[in-house]
Amino acid sequence: MTLVPGSGGRSINALEWTGDTLLLLNQRVLPLRESVTRITDSSGVAHAIKTMVVRGAPAIGVAAAFGLVMAVQNANRKRLPWREEFRKAAEELRSTRPTAVNLFWAIERMRKEVMRLPDEPEGAAYHLEREAMAIRDEDVAANRRMGAHGAKLLKSGSVITHCNAGALATAGYGTALGVIRAAVAAGKKIHVFVGETRPFLQGARLTAWELVKDGIPCTLITDSMAAVIFQAGKVQAAIVGADRIAANGDVANKIGTYGLAVLCRVHRVPFYVAAPVCTIDPAVRTGKAIPIEERDGREVTHFLGTRIAPDGIPVYNPAFDVTPAKYVTAIVTERGVLRPPFPAAIRKLVR
Ligand code: MRU
């Protein structure tokens, strides 16, 4: 098992497929423990997505695709009708997390494959496995291409990122962190400010872990410290990932992203978004129509299982916010860098 090889973050794998089992590097316990969760059915994948054992828009899409493969494999073992088992699994997976469109995109791609297949069960499992592996491999290739396009935007200096848009959030290499990795590989002297990303701490736990593993210079800050480093002129660019991009260029991403974009505007710092084309949802006209997940209040009232706020306090815990397109300097995709006006650039890309 090579989910965390010693060769550095460039080969960190959030997930690995064995042929009948999905291995997930448990992102709930990183970096304190590098523990692997073995999953053998689609309900297990749904649970892992909901509880964020696996997280990040592209990674949950890939995990869901393998969940659907296991649904069909298990149906065949139990001699159940595989199309019906696929349908039930797809429904359960769709209900896990509402914001990242990559989840729905991957399930839809698998469903279209099902429509093309004959009824023969073994052949169906084989073809669906091929499709899931293609979704995984295409994601890594897209991230590498995004890195090549985006690296040109970053100059030597300090860049701030939010949440985790790295290898752990994808099938490998990362989107925003992929761009940073590519810029470093191109010889740029990049230092990364890592926002801790309350309440789930994807920045402090996951992005920090990836950058330290890769030996990329970085400094961890709490989310509330960002304004001060902008004010001190210490940030030359911001780059983040995305969970869904509307047809007009509005970007849904981890809660706190919008605040960062506003800081960039006030301090005249470019604000970049890196995301594969499948993160663009042309069916959603503006960010207002993007469903925003609200998570359990205990993520806010508790820290490592210990209550830190008074019992009974009402909590508001939206997991994502929407950054209006007017604050976005450019969107880096595997097919090139999009610049405003985004509606036209996006129409050209996804038509
Ligand atoms: O709640 P999470 O950890 O799944 O949120 C992840 C993010 O917001 C990422 O920035 C986004 O999915 C892009 S990952 C390449």
Side-chain angles (χ1 to χ4, degrees), residues 12 14-15 24-28 30 48-64 96-106 136 138-140 142-147 150 160-181 194-210 223 238-245 251-261 271-281 287 290-296 299-300 317-323 328 331-334:
I12 292 166
L15 23 76
L24 297 175
L25 187 54
N26 185 348
Q27 299 192 37
R28 292 175 62 85
L30 277 174
I49 292 174
K50 223 179 166 66
T51 56
M52 290 165 73
V53 169
V54 61
R55 41 128 318 265
I60 64 178
V62 173
T96 52
R97 297 194 73 191
T99 305
V101 75
N102 310 59
L103 173 68
F104 305 93
W105 171 86
R136 176 196 62 193
E138 287 167 24
D139 183 58
V140 182
N143 292 340
R144 293 265 174 195
R145 284 200 294 277
M146 247 178 266
I160 188 166
T161 190
H162 189 62
C163 194
N164 172 267
L168 290 169
T170 63
Y173 199 63
T175 57
L177 282 198
V179 169
I180 291 171
R181 288 192 164 107
V194 179
E196 69 169 348
T197 318
R198 276 280 286 158
F200 203 71
L201 303 176
Q202 291 94 330
R205 298 189 301 105
L206 309 176
T207 297
W209 183 74
E210 286 197 33
D223 301 331
I239 185 156
V240 298
D243 285 79
R244 195 184 296 226
I245 300 174
V251 174
N253 192 50
K254 179 52 54 191
I255 189 78
T257 303
Y258 170 48
L260 205 55
F271 178 81
Y272 299 122
V273 174
V277 173
C278 62
T279 301
I280 299 172
D281 184 355
I290 297 177
I292 299 295
E293 175 184 13
E294 269 192 54
R295 293 187 62 86
D296 195 319
E299 288 182 356
V300 179
N317 185 20
F320 301 95
D321 58 27
V322 175
T323 298
V328 178
I331 301 173
V332 182
T333 76
E334 69 276 30

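Just so you know, these numbers come straight off a predicted model, no measurement behind them. Each ligand, and each atom within it, is numbered from 1 in the order the structure gives. Side-chain atoms are counted along with the backbone in the values below, which use heavy atoms only and exclude waters and symmetry mates.
- Side-chain contact between P276 and E138 is absent, with no heavy-atom pair separated by less than 4.5 Å.
- Minimum heavy-atom separation, A274 to A176: CB-N, 3.8 Å.
- Only the side chain of M52 comes within 4.0 Å of ligand 1, counting heavy atoms alone; its backbone N, CA, C and O stay farther away.
- A distance-only check finds no donor-acceptor pair linking the side chain of N143 to the backbone of G178 [under 3.5 Å].
- Listed by atom number, the atoms of ligand 1 under 4.0 Å from R97 heavy atoms are 1 (O), 2 (P), 4 (O).
- For atom 11 (C) of ligand 1, the closest non-hydrogen atom on the protein side is D243 OD1, 3.1 Å.
- Inclusion of P58 in the set of residues having an N or O under 3.5 Å from an N or O of ligand 1 is not warranted.
- Looking only at protein heavy atoms, the nearest one to atom 12 (O) of ligand 1 is A57 N, 2.9 Å.
- Applying the 4.0 Å criterion to heavy atoms of N164 picks out, from ligand 1, the atoms 9 (C), 14 (S).
- Considering T279, D281, D243 as possible partners of N102, the one that fulfils the side-chain hydrogen bond (donor to acceptor under 3.5 Å, both in side chains) test is T279.
- Here the shortest heavy-atom pairing between R28 and T51 reads NH1-O, 2.7 Å.
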query = Checking side-chain contact (heavy atoms from CB on, under 4.5 Å) for the pair T323/F271: CA distance, chi angles, key distance, verdict?
reply = CA-CA 10 Å; T323 298; F271 178 81; 4.1 Å; yes

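- Counting heavy atoms from C-beta outward, R97 and F320 have side chains that approach closer than 4.5 Å.
- The protein heavy-atom contact nearest to atom 15 (C) of ligand 1 is T175 OG1, 3.1 Å.
- Shown in contact with Q202 at under 4.0 Å from a heavy atom are these atoms of ligand 1, numbered in order with element: 1 (O), 2 (P), 3 (O).
- Close approach of ligand 1 to T170 (heavy-atom distance below 4.0 Å) involves ligand atoms 15 (C).
- Heavy atoms of V240 found under 4.0 angstrom from ligand 1: none, in either backbone or side chain.
- Within the 4.5 Å cutoff, side-chain heavy atoms of T207 are placed close to those of T161.
- The shortest contact between atom 14 (S) of ligand 1 and any protein heavy atom is with A169 CB, 3.5 Å.
- Of the protein's non-hydrogen atoms, the one nearest atom 10 (O) of ligand 1 is N253 OD1, 2.7 Å.
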ask   = Passes side-chain contact (heavy atoms from CB on, under 4.5 Å), T96 versus L103? Steps please.
value = CA-CA 9 Å; T96 52; L103 173 68; 3.5 Å; yes

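- Here C163 has side-chain heavy atoms under 4.0 Å from ligand 1, and that is the only part of it that gets that close.
- For Q27, the closest heavy-atom approach to ligand 1 does not fall below 4.0 Å.
- A donor-acceptor distance shorter than 3.5 angstrom exists from the side chain of Q27 to the backbone of L168, with no hydrogens or angles considered.
- R55 and N164 share a donor-acceptor pair across their side chains, judged by distance under 3.5 Å alone.
- Contact annotation: for F200 versus ligand 1, there are no heavy atoms closer than 4.0 Å.
- The distance criterion of under 3.5 Å between nitrogen or oxygen atoms is met by K254 with respect to ligand 1.
- Summary of contacts: the protein heavy atom closest to atom 3 (O) of ligand 1 is R55 NE, 2.5 Å.
- Using a non-hydrogen distance threshold of 4.0 Å, A242 registers as a contact of ligand 1.
- When only interatomic distances are considered, the shortest N/O to N/O separation between G56 and ligand 1 falls below 3.5 Å.
- Remark: side-chain polar atoms of R244 are paired, donor with acceptor, to backbone N or O of T99 under 3.5 angstrom.
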